[in-house]
Structure formats: C-alpha cells, structure tokens
Amino acid sequence: MLRFSRQLLFTAPKPDILCCCNSTSSKSTGYSHTVLLPKTKFPLRVEGQKLVAKDRNVHKVAGFDSLYDWQRSNLKGPEYIIHDGPPYANGNPHMGHAINKILKDIILRYKILDKKQVYYVPGWDCHGLPIELKALSGNKDADPVEIRNKARTFADKTIAQQKDTFRSWGVIGDWDHHYETKHVSYIENQLKQFLKLYENGYIFRDVKPIYWSPSSRTALAEAELEYNEKHKSPSVYARVLIKDIPQVPQFNGKKIYGIFWTTTPWTLPSNQAVCYNNSLSYCIIKKPEEEEKDLYIIAADLLEAFCSTVNCNYQLLGVHSGDMLKDATYFHPIYKEQVCKFLHSSHATNAKGTGLVHAAPAHGPDDFLVGMLHKMKIVDVVSDEGLYKSEAGEPFAGKYVLTEGNETVIEYLRDDLIHKSDLTHSYPYDWRTKKPVIIKASKQWFIDTDRIKDRAAQLLDTVKIQPQIRSEMYRKVMINQLQKRPYWCISRQRKWGVPIPVFYHHQTKEPLINQNIIDHLCAKLQENGSDFWWQLPQNQLLPPEYSDKAKDYIKGEDILDIWFDSGISWSYLFNDSQVADLYLEGVDQFTGWFQSSLITSTALRDRCPFKEILVHGFAVDEKGEKMSKSLGNVVDPVDVVLGGKAGQNAYGVDVLRWWVACHANQTTMASVSTNILNQSKDEVQKIRSILRFAISALSDYQYDEEDFQHTRLVDRYILHLLYQIHGKIKSHIESHNFHQINFLLIPLLVNQISALYFTSIKDRLYCEPASSVSRRSAQYTLFQLYFALSEMVGGILPHLVEESYSYLPQKSDRTFFTSPRPLPRKLWTNTEIEKVMEVILNIRNAINQNSGEESALKLDIKVELAAPEYHTLQPYFAFNQDIMDILQVASIGICQNTSSDETIKVSASKSHKLNCPRCRLCRSNAENQLCPRCQIIVEDFDVNKNINIKNV
C-alpha cells in the first residue's frame with residue numbers, strides 16, 4: 001500500500017466536498033447556468049424524529065419484510081444456515097439482544113449480497129422459572145393450568161414485543177414461521193426425541209446428588225448457576241472419636257481422633273463415612289501441653305499448614321501409611337451412638353484440609369460415588385425448601401441449613417470443634433433468584449453424558465470457533481465442561497414447561513414409557529393443546545390398552561429442563577443430515593446452549609449440530625461495568641434508535657447496527673456510551689456524505705463500460721484502491737471480522753476519497769462539458785465507487801444503502817439487495833499507478849508544508865525530484881493537467897534534482913494568472929476574464945441543444 005505522511009493521513013475532508021450542493025456557490029452568477037451543479041434530493045443529514053420516520057419508510061418501501069422470501073425464491077443454494085439460539089421470552093429487548101440479532105442479520109445480508117441463499121428461522125425459549133414466578137405472583141398454591149395460562153400470556157406478549165423490535169432493526173428471517181418451545185409441534189418433537197434417547201439408554205432415572213435451589217424448589221443444571229465470588233461459608237476443623245483401628249492395635253484403649261475440614265457443616269447430620277487415601281501418609285500428633293493425652297490423625301503433608309491455621313504447634317509422634325485406617329471405625333460427629341467406617345477414596349487429597357474428608361453421599365458427587373461403591377443407603381435429612389426434616393432430630397428440625405442450620409451444627413459440635421473461621425469463596429447461586437444453592441441427593445431424570453462426552457469432544461475438534469484469537473481457549477472451556485460432567489439432570493419440579501412423559505407404578509415406582517404411549521400422548525397434545533398433561537384425567541393420558549391398569553400408575557409431575565427444551569431445537573428445524581453453518585451467541589453458551597445442542601445431537605445422530613461457533617461480547621458501560629438498573633447505567637437499544645427520555649438523541653437503526661459491527665463483534669466486553677455512539681454516528685455520516693456526493697454527480701450519467709478506457713490518472717488510482725480494499729473487506733466479512741471494515745474504510749473515505757479524489761475532480765465534474773471524456777471518466781469512477789461502497793457496508797447499514805439507492809439516477813425498479821450491480825474487478829489493479837501516486841502525494845505533502853497560509857491554487861510550483869522519483873513520474877508528464885488537479889496548484893513544473901540529496905525540493909511563487917470568474921481557477925490573463933478553457937465552453941454553450949445541461 002501507499003506510504004503517506006502523517007499530515008496527509010490526518011487531513012480532514014473539506015466542508016465543500018461533503019456538502020457538494022454548495023460547492024460552486026462562489027462562482028459568478030453570470031455563468032452559473034453553464035456550470036453543471038450537482039443534483040440530488042438525497043439529504044445530507046437526517047436527524048431526530050425525521051430520522052426515525054425515514055428508517056420506517058425505508059423499511060417499508062425497500063421491502064425489508066419480503067427480502068427473506070425473495071432470496072429463498074431467487075437465489076440458489078447451497079443454502080447458508082444460521083440456527084437461532086432462542087432468546088428468553090421474559091422482558092424487553094436489551095443490548096444483548098441487539099448485539100446477537102444484528103450480528104446474525106449482518107452475516108445473512110452479506111451472504112445475500114454475495115448471491116447466496118440463506119436459511120434463518122428465529123425462535124424463542126418460552127418455559128422456565130422466571131416466567132412461572134411472574135405467573136404465580138406469590139400464589140404458590142395456584143392451579144397448574146392457571147399458572148400455565150398466565151405464563152403463556154406473558155410469553156406471548158413478550159415475544160410479540162421482541163419480534164416487532166428485532167424486525168424494526170432490519171433483521172430478516174422467516175418471521176412468519178418462527179419457532180417457540182411452547183408450540184404444540186415443537187413439544188411433540190421433544191416428546192419423540194425424549195423417547196429415542198430413553199430407548200437408546202441415554203436417559204435414565206436415579207437418585208444422585210444434584211444442584212438444588214431451595215429458593216426455587218427445583219433441580220438446576222450447571223448452566224443455570226452463577227457464581228458469587230463474595231459468598232461466605234464457615235470454615236470448620238472438627239474431630240471424630242475413633243472407635244477401632246485394627247491395623248494399629250497399640251492404640252487400643254487410647255482416645256484418638258480423626259480431624260476433618262469442611263465448609264458445609266450443615267451436611268454433618270448426613271455424614272456416613274470419613275474418607276482417607278491409601279497413597280497418602282498420615283501422622284499421629286498431640287497438643288504440646290503435658291496434660292493433653294488425646295491423639296489426632298492428620299495427613300503428614302498438611303501438618304504444617306494445619307498448625308498455622310489453628311495457631312497451635314502440635315507434636316509429631318509418628319508417621320504411618322494410609323493403610324493404617326483400613327477397617328477403622330468412628331463415632332458419628334452428631335449422633336454419637338452411631339458407628340461409621342473410614343473408607344479409602346481418591347478424592348481425599350493433600351491439596352488442602354487434613355487429608356481426611358467427611359463424606360455425606362446425599363450432598364456431594366464424590367461422596368455419592370463412595371456411597372454407591374459401598375452400597376450405602378443414602379441418608380438425606382434436608383427438605384426441598386432447604387430445611388432439616390424431622391428425621392434430623394432436635395435441635396435441627398425445621399432450620400434452614402445454610403444459615404441457622406450451620407450455626408446449630410457448629411454449636412452442637414462443642415468440644416469436638418477445633419477451629420472455626422469464615423471463608424470467602426466462589427459459591428454457586430441460582431441464576432434466577434440470586435440465592436445460594438445446595439447439593440442434594442434426589443431422584444431425578446438424567447442424560448448419561450459420561451457415555452457421550454468423549455465422542456462429543458471428538459466432534460467438537462472439527463468445529464471452527466471464532467474469534468480466532470480465543471478459539472482454542474473456548475474449545476478447552478467447552479471440552480472441560482463436557483469432561484467434568486458425568487450426567488446432566490434434565491428434570492425440574494415446576495409446572496411451566498414440557499412434561500416428562502412418564503408414568504410410574506404405584507408400588508414399584510418403575511417408569512412406564514414406550515412408543516405407543518408417546519404416540520397416544522402426541523395425539524392428545526394435538527387435540528387438546530400443550531396443557532393436556534395437566535387438563536386430562538390419567539385414564540385418557542394412557543392408551544386404551546392400559547385402561548384396566550390405569551389405576552396402577554400415576555403420571556409424573558416433573559417437566560424437562562429448559563436447556564433440553566432449547567438444546568433439542570436443531571431436531572425440530574433440520575433433518576438428520578442437516579448441520580447449521582453457524583451458531584452465534586454469547587460466551588456463556590459454552591456451558592449452555594452450545595453444549596446442550598452438542599450433547600443431544602451427538603446422542604441422537606452422532607453428528608455435531610454446527611460447523612462453526614461465533615462468540616460475541618456482553619454489553620457494558622464505558623467503565624466496563626455490567627449494566628444494571630441499580631447502577632443506573634443501562635443503555636436501552638430502543639432508546640438509542642428512537643430517542644429516549646430527557647431529550648436523548650435518536651441515533652437511528654444504522655448507528656446501532658454500526659456500533660454492533662464495530663464495537664460488539666469480537667470483544668468479550670462491548671462498551672456502549674454516548675461518546676462511542678456519537679463516534680459511530682459520525683462514521684455513518686461520513687459514509688452517507690460520500691454516497692451523496694457520488695449520487696449528486698451522477699444525475700446526468702448514462703453508464704457505459706467504455707468510459708473505463710478513458711479514465712484519468714487519479715480515477716485509476718481510486719479504482720485500484722477500491723479493488724484492493726474490497727478484497728480485504730470481503731475476506732473480513734467471510735471471517736466475521738466486521739470491526740475491521742471500520743478500520744479499513746473510514747480512513748480511505750476521509751483521506752483518499754474525500755480529501756484527495758473529490759477535490760481533484762470537482763473542476764471536471766462542474767466545469768467541463770457534460771459529455772466530455774474527462775467528466776464521464778470521473779462519473780464512471782463515482783458510479784463504481786457508489787456500488788463498491790454500498791456493497792462493502794450494505795450488510796451493516798441496509799437502511800442507508802437502500803435509502804441512497806432510491807435516489808440513484810441509474811437504479812433499477814427493484815431494491816439494492818435485489819438488483820444486479822457491478823462489482824470491483826481485477827482489471828482495476830494497477831501497481832504502477834500506485835507507485836506514481838505515491839510520488840505525487842509526497843509532492844502534495846511538500847507543497848502543503850511550504851505554501852504557508854497562501855492557497856496552493858494561487859501558486860506556481862516548481863518541483864525537483866531525486867532520480868528514482870523523477871523516472872517514476874516521467875512517463876506521466878504528458879498528463880500535466882491530471883497532476884495539477886491532484887496537487888490543486890495553478891501550474892507545475894518538474895525536473896530532476898542533480899545538485900542535492902533531497903528526494904523532493906519544492907519552490908513556490910504566486911501565480912501571475914488570475915481567478916477565472918467561471919471555474920475560479922488561476923487561469924485567466926486579465927481580471928474578470930474567462931480562462932481559455934471556459935471561454936470556449938461558454939461560446940459553444942447552447943442550452944436548447946445540450947440535453948444534459950437542460951436537465952440539470
């Protein structure tokens with residue numbers, strides 16, 4: 001590329017270039033009728049409510065609502081598929097919606113401009129607790145059908161609002177056939193896919209510890225958690241009295257304790273074992289005081305850290321292998337009469353604590369595995385509300401485990417409490433209620449992800465993940481999430497959702513589900529709607545062949561996890577061989593929709609549901625803080641577009657879209673503020689100004705490809721630059737690097753197009769005869785510039801492009817997106833012109849530095865060039881007028897510098913010529929006398945015969 005000086009790169013566009021209709025205001029009115037003034041009704045600026053009205057009119061007139069159907073009928077495949085991760089139908093559109101939907105639309109529109117057929121069916125995730133809680137409105141005992149009706153009404157209202165807003169942003173798609181997870185047809189597909197997974201052994205029912213939300217009274221999946229980094233838990237070191245250590249008989253008759261560490265003392269009533277590790281060494285210690293006779297066991301590697309924590313230098317009496325605790329027993333820390341066992345487990349480590357781990361199989365995954373291995377009956381004394389059950393006994397029953405429950409257990413430990421402090425750490429919270437969760441054993445439905453995860457990770461290796469800079473990090477995050485997830489709990493204890501279509505035997509509790517039942521239920525679903533499971537009596541839910549046995553069964557009360565709801569969406573829209581080209585969502589979906597989609601698609605068809613994942617950022621304020629109503633820093637995208645309260649400016653749709661493309665595409669945090677929006681507005685205005693100048697100069701142009709043969713030096717230079725930048729931008733579009741369009745395009749428009757090219761061709765456009773070769777060559781270039789620029793920004797700024805196209809004299813009777821249009825061609829590539837222009841522009845810089853306050857248009861310039869520059873420019877000396885137009889000088893003389901080492905030496909003198917009253921250039925021999933060129937044009941001017949001028 002060219003190497004321009006700092007002065008040129010930061011030359012601002014001249015006001016008369018961007019306001020082209022005023023550019024000849026200084027010309028004498030005596031000759032104004034002979035000047036070809038620019039002509040267009042395309043406004044230079046549209047602001048405020050006029051901008052809002054303009055956007056709506058463009059949307060209607062340019063057929064935004066019909067573009068999707070048009071491309072499905074007129075463009076050929078293979079189609080490009082974006083699968084819509086369904087937004088939640090729970091509230092007003094926000095900046096996250098704007099980022100997501102607009103990015104998808106930008107990609108779709110660029111594909112259409114590239115004559116590719118696209119497939120995009122928008123969707124909504126309709127079920128879930130937030131909507132149900134709004135439907136309940138504090139009435140916990142509401143009838144299920146009443147809850148569902150209220151929830152449905154709320155979701156419908158939200159979907160209608162979001163849909164209208166998304167469409168108003170110019171987002172195209174199959175809106176008339178969008179999908180909702182509450183649609184009858186969607187639910188039918190979900191029931192059928194559930195059966196397939198069940199029959200293939202991927203879905204099972206079992207008692208396992210799962211994340212449980214006492215505040216929501218339902219099981220939660222990992223993706224439904226958010227972690228509070230400031231949560232405080234009690235950090236407790238306590239002891240259990242050992243009853244027997246058969247492997248070390250010399251301790252018989254002596255009091256010896258095992259010390260354990262826990263941050264969940266509330267789980268101690270459910271304690272069923274203490275785990276040690278055979279591979280660790282354990283030591284016997286005692287307090288230093290002589291009167292202290294009690295002995296303690298702790299992992300040898302953790303003794304120093306333990307002594308530091310409890311501020312006591314215990315004496316080391318001996319070190320033994322982990323085998324010392326084989327077959328050892330202890331008295332329960334709460335229920336002293338109970339005797340429990342020490343058990344080996346690899347999850348007892350020397351990373352922290354004491355190397356002895358209190359195990360409550362009902363409240364921990366590792367603990368649960370220990371319980372299963374040793375065939376324990378799981379003890380769970382905690383209710384769904386997070387309260388101790390009566391079985392916990394006094395003084396625990398009825399207390400909330402995470403608060404007074406913890407306190408009561410610690411108080412109950414009394415003499416067995418060695419040390420207590422508070423630990424601030426990351427702890428899982430219910431993402432909806434913002435309250436802490438617990439781990440609790442419960443009989444739930446699960447997907448066996450342990451069986452799926454290795455194949456899913458293998459399939460993920462073939463997926464392209466964007467942004468490229470974080471690709472491998474994101475891939476590792478998703479694989480790690482898969483690998484650490486042995487099962488996925490898919491049952492929820494709510495009413496607003498899809499029922500798990502299973503019946504249970506009254507006595508055996510065995511589940512009943514088969515193809516006949518699912519077919520029967522799907523028929524009832526079609527007949528009665530999505531509330532059928534709660535409306536119909538049980539004898540109607542079971543097929544006729546079970547009429548005699550209906551009383552032996554009871555229908556299930558659980559619904560499916562909403563991540564299963566949305567994760568199965570690919571199976572509703574695509575056949576088994578179809579794969580989406582792109583999934584585009586926020587980074588949080590690596591533990592959510594990306595993962596649930598991958599798991600279900602792997603299990604059901606051994607295929608990844610997406611070829612590529614694109615991750616976008618989250619909207620934050622200018623300080624990088626998350627937006628929240630409490631902080632008062634929420635930026636509403638609707639207010640950005642339409643104008644908000646307190647006189648907030650209406651930026652229009654395209655400024656919002658430009659912000660999304662330039663600032664929210666491939667960053668993790670998308671900052672939005674008044675300053676950034678104003679910057680986006682200025683950039684869109686620059687593009688508008690360039691398009692307007694081109695349109696205004698084309699009012700009398702009849703396109704002819706032959707005009708390319710007559711293009712001048714600066715024309716060919718601009719065409720060369722257009723071809724080069726079009727190729728780069730096309731590459732960035734293909735890789736979704738839309739922010740790079742801004743970095744490449746705006747400097748080109750400001751420096752090379754506006755400040756250089758438009759300045760250099762004004763005289764040709766306005767003062768040459770209408771049909772002159774030089775004027776038509778400039779118009780040819782402007783014609784190509786208009787289409788190249790419109791195509792490069794069309795996917796991002798469709799309202800501006802369609803609005804400008806409606807004013808283009810050469811437009812077809814269709815819209816920009818549906819019309820044939822010229823594209824930059826390799827024929828324009830001209831590296832020789834690039835080298836020549838580099839020399840000329842360096843001369844231009846030197847003139848600007850030496851002209852002082854005097855306008856260069858009034859100066860005669862002499863230039864001495866070093867030999868390489870001179871020989872580069874020499875073949876173009878015949879195009880002296882071209883060079884003068886570029887340099888904007890009265891005259892130019894160029895020679896080779898043989899007397900010094902200077903590359904460029906410039907001398908200037910005031911021209912002896914005077915301003916021509918028609919073209920305003922220093923070309924006249926006398927005051928108020930036309931220059932020779934203008935004299936000929938005026939003498940030959942005939943308004944009645946010159947059709948071009950007559951039309952102007």
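Just so we're clear, the structure is a prediction, and the values are computed from it rather than from any experiment. Computation of the quantities below employed the complete heavy-atom set of this structure, encompassing side-chain atoms and omitting hydrogens, waters and symmetry-equivalent molecules.
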Ring-face cation of Lys116 near Tyr80 (centre distance under 6.0 Å, axis angle within 45°): no
Within-4.5 Å side-chain heavy-atom neighbours: Phe590 and Ile613: yes
Full working for salt bridge (charged side-chain N to carboxylate O under 4.0 Å, His left out) between Glu734 and Lys111: CA-CA 9 Å; Glu734 288 297 320; Lys111 293 296 180 184; 3.5 Å; yes
Pairwise distance CD1(Ile695) to OG(Ser790) - rounded to 0.5 angstrom: 7.5 Å
Any Tyr179 side-chain heavy atom under 4.5 Å of Pro86 side chain: yes
Parallel, tilted or perpendicular, as decided by the 30° and 60° cut-offs, for the rings of Trp593 and His83: tilted
Aromatic ring proximity His127/Trp563, centre distance under 6.0 Å: no
Glu472/Arg475 under salt bridge (charged side-chain N to carboxylate O under 4.0 Å, His left out): CA gap, chis, key distance, verdict: CA-CA 5 Å; Glu472 290 312 307; Arg475 194 185 309 276; 3.4 Å; yes
salt_bridge(Asp65, Lys60) N-O dist < 4.0 Å: no
Side chain proximity check, Met478 to Leu598, heavy atoms < 4.5 angstrom: yes
Over all atoms of both residues, closest heavy-atom pair of Pro93 and Trp169: CB-CH2, 4.1 Å
Gly727 backbone acceptor or donor facing Ser731 side chain under 3.5 Å: no
Sidechain-backbone polar pair: Tyr786 side chain, Tyr805 backbone, donor-acceptor under 3.5 Å: yes
Thr40 versus Ser696, closest heavy-atom pair with distance: CG2-CB, 3.6 Å
Tyr186 side chain reached by Ile568 side chain, heavy atoms, under 4.5 Å: yes
Backbone of Gln702 reached by a side-chain donor or acceptor of Gln779 within 3.5 Å: no
Donor-acceptor under 3.5 Å (Asp114 side chain, Tyr110 main chain): no
For Ile82 against Lys104, the heavy-atom pair lying closest together: CD1-O, 3.8 Å
Test: Arg109 cationic atom under 6.0 Å from Phe64 six-membered ring centre, within 45° of axis: yes
Nearest-0.5 Å distance, CG of residue Leu827 to CZ of residue Phe708: 4.0 Å
Near-ring test His178/Trp124, centroid separation under 6.0 angstrom: yes
Spacing of Asn665 atom CG and Leu584 atom CG [to the nearest 0.5 Å]: 8.0 Å
Name of the residue among Asp565, Asp125, Asp156 meeting salt bridge (Lys or Arg N to Asp or Glu O under 4.0 Å) with Lys182: Asp156
Whether Ser601 side chain and Arg607 backbone form a donor-acceptor pair below 3.5 Å: yes
Spatial distance of atom CG (Asn100) from atom CE (Met95) [nearest 0.5 Å]: 12.5 Å
Main-chain N/O of Pro824 paired to Gln784 side chain as donor or acceptor, under 3.5 Å: no
Within the 6.0 Å centroid threshold, strictly below: Tyr572 and His183: no
Mutual orientation of the aromatic rings belonging to Phe618 and His616 [parallel < 30°, tilted 30-60°, perpendicular > 60°]: perpendicular
Side-chain touch Leu808/Phe787, heavy atoms, less than 4.5 angstrom: yes
Pair Ser571-Asn189, side chain to side chain donor-acceptor pair (under 3.5 Å): steps then yes or no: CA-CA 8 Å; Ser571 68; Asn189 172 71; 3.0 Å; yes
Considering all heavy atoms, the nearest Ala456-Leu482 contact: CB-CD1, 4.1 Å
Evaluation steps, side-chain contact (heavy atoms from CB on, under 4.5 Å), between Gln161 and Asn92: CA-CA 7 Å; Gln161 181 185 22; Asn92 298 331; 3.0 Å; yes
Considering all heavy atoms, the nearest Val653-His799 contact: CG1-CE1, 3.4 Å
Pair Phe166 + His97: ring centers closer than 6.0 Å: yes
Atom pair OH (Tyr583) and CD1 (Ile465), whose distance is rounded to the nearest 0.5 Å: 14.0 Å
Salt bridge (charged side-chain N to carboxylate O under 4.0 Å, His left out) evaluation trace for Lys730 with Glu791: CA-CA 10 Å; Lys730 189 174 178 62; Glu791 172 139 335; 5.5 Å; no
Side-chain heavy-atom pair Trp488, Ile599 within 4.5 angstrom cut-off: yes
Nearest heavy-atom neighbours spanning Phe817 and Gly794: CZ-O, 3.3 Å
Side chains of Ser689 and Gln685 in contact at under 4.5 Å (non-hydrogen atoms): yes
Backbone of Ile718 reached by a side-chain donor or acceptor of Gln752 within 3.5 Å: no
Polar side-chain atom of Tyr757 near backbone of Leu749 as donor-acceptor pair, under 3.5 Å: no
Worked verdict on Glu188 versus Lys192 for salt bridge (charged side-chain N to carboxylate O under 4.0 Å, His left out): CA-CA 6 Å; Glu188 179 178 356; Lys192 291 176 179 178; 3.1 Å; yes
Arg605 charged N/C atom sitting above Trp570 aromatic ring, 6.0 Å / 45°: yes
Test: Arg825 cationic atom under 6.0 Å from Tyr723 six-membered ring centre, within 45° of axis: no
Backbone of Gly123 reached by a side-chain donor or acceptor of Asp84 within 3.5 Å: yes
Expected output: side-chain Glu585 to main-chain Gly85 donor-acceptor under 3.5 Å: yes
Neighbour count >12 (heavy atoms, 6.0 Å) for atom NZ, Lys115: yes
Any side-chain heavy-atom pair of Thr711 and Asp707 under 4.5 Å: no
Between CZ on residue Phe194 and CG on residue Leu197, distance to nearest 0.5 Å: 8.0 Å
